[in-house]
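The model shown is predicted, which means the values in this text are computed figures rather than measured ones.
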Amino acid sequence: MDQGGIPPVFSATAEVDGDHLRVVVSGEVDMATADTMFQTALREPARHVTLDLRSVTFFDSAAIHAVVRLAQRFPGTLAVLPSRQVRRVLEVSGLGEQDWLLPA
């Protein structure tokens with residue numbers, strides 16, 4: 001989508017509550033931003049991680065790779081809250097049935 005030359009807004013913020021880390025991501029997650037999302041999830045020590053992607057508007061293969069790496073880092077303790085676009089990309093890529101992907 002053309003935004004009149006304005007770069008898409010991306011943000012990834014971390015909120016810690018005890019041993020739970022919530023990473024809230026918005027905007028486009030692509031090869032330029034996926035590592036920032038990944039590193040934000042690793043910035044604070046946590047046993048449980050929620051990746052809130054409900055405000056993500058674009059999600060490419062680099063983003064998929066980052067999420068899969070987080071699932072490997074946090075086996076059984078990662079929860080992903082997807083936007084409609086993220087869910088669609090994960091379903092098309094064959095990851096729609098993963099236990100870390102929460103219902104809409």
Side-chain angles (χ1 to χ4, degrees):
M1 174 188 342
D2 182 18
Q3 297 180 351
I6 300 170
V9 176
F10 166 82
S11 70
T13 59
E15 305 164 356
V16 179
D17 184 10
D19 66 350
H20 183 252
L21 175 68
R22 179 184 180 92
V23 178
V24 180
V25 183
S26 64
E28 296 187 0
V29 185
D30 56 21
M31 64 185 244
T33 59
D35 190 57
T36 300
M37 176 184 71
F38 180 78
Q39 294 300 326
T40 300
L42 299 180
R43 192 171 299 148
E44 301 291 336
R47 294 179 68 197
H48 302 280
V49 175
T50 298
L51 192 57
D52 187 341
L53 305 177
R54 294 178 290 184
S55 295
V56 170
T57 57
F58 180 81
F59 202 73
D60 74 359
S61 60
I64 294 169
H65 185 246
V67 170
V68 169
R69 287 174 58 204
L70 288 173
Q72 292 169 340
R73 275 278 182 84
F74 299 98
T77 63
L78 175 69
V80 175
L81 300 167
S83 66
R84 192 179 100 248
Q85 292 86 347
V86 170
R87 178 172 295 285
R88 179 70 180 133
V89 168
L90 291 173
E91 287 174 353
V92 167
S93 67
L95 296 170
E97 300 298 320
Q98 296 298 309
D99 61 350
W100 44 258
L101 184 61
L102 301 181

Stepwise, does the side chain to side chain contact (heavy atoms under 4.5 Å, CB included) test hold for Leu101 with Leu95? CA-CA 8 Å; Leu101 184 61; Leu95 296 170; over 6 Å; no

For the pair Arg22 and Asp52, find out whether any cationic side-chain nitrogen is under 4.0 Å from an anionic carboxylate oxygen. yes

Can you get from Leu42 to Val24 by hopping between Ile, Leu, Val, Met, Phe, Trp and Tyr side chains that sit under 4.5 Å apart? no

Examine distances only and state if a side-chain atom of Thr77 and a backbone atom of Arg47 form a donor-acceptor pair shorter than 3.5 Å. yes

Distance-only check: which donor-acceptor pairs under 3.5 Å involve side-chain atoms of residues 64-76, not counting sequence neighbours?
none

Which value, rounded to the nearest 0.5 Å, describes the distance between Arg43 atom CZ and Thr13 atom OG1? 9.5 Å

Where do Val56 and Gln85 come nearest, in terms of heavy atoms and distance? O-OE1, 3.7 Å

Quick one, Phe59 with Leu90, criterion side chain to side chain contact (heavy atoms under 4.5 Å, CB included). Give me CA distance, side-chain angles, the key distance, then yes/no. CA-CA 9 Å; Phe59 202 73; Leu90 291 173; 4.1 Å; yes

So does Glu28 get a backbone contact from the side chain of Thr33, meaning a donor-acceptor N/O pair under 3.5 Å? yes

Report the distance from atom CG of Asp30 to atom CE of Met37, rounding to the nearest 0.5 Å. 10.5 Å

Separation of Leu81 CG from Leu53 CG (nearest 0.5 Å): 7.5 Å

Please check if Val49 and Val16 belong to a single hydrophobic cluster, counting links between Ile, Leu, Val, Met, Phe, Trp and Tyr side chain heavy atoms closer than 4.5 Å. yes

Shortest non-hydrogen contact between Thr36 and Thr40, atoms and distance: O-OG1, 2.7 Å

Locate the shortest heavy-atom distance separating Ala46 from His20; write the atom from each residue and the value. CB-C, 4.5 Å

Is there a donor-acceptor contact under 3.5 Å from the side chain of Arg88 to the main chain of Ser83? no

I need the minimum non-hydrogen distance between Val80 and Pro82, along with the two atoms involved. O-CD, 3.3 Å

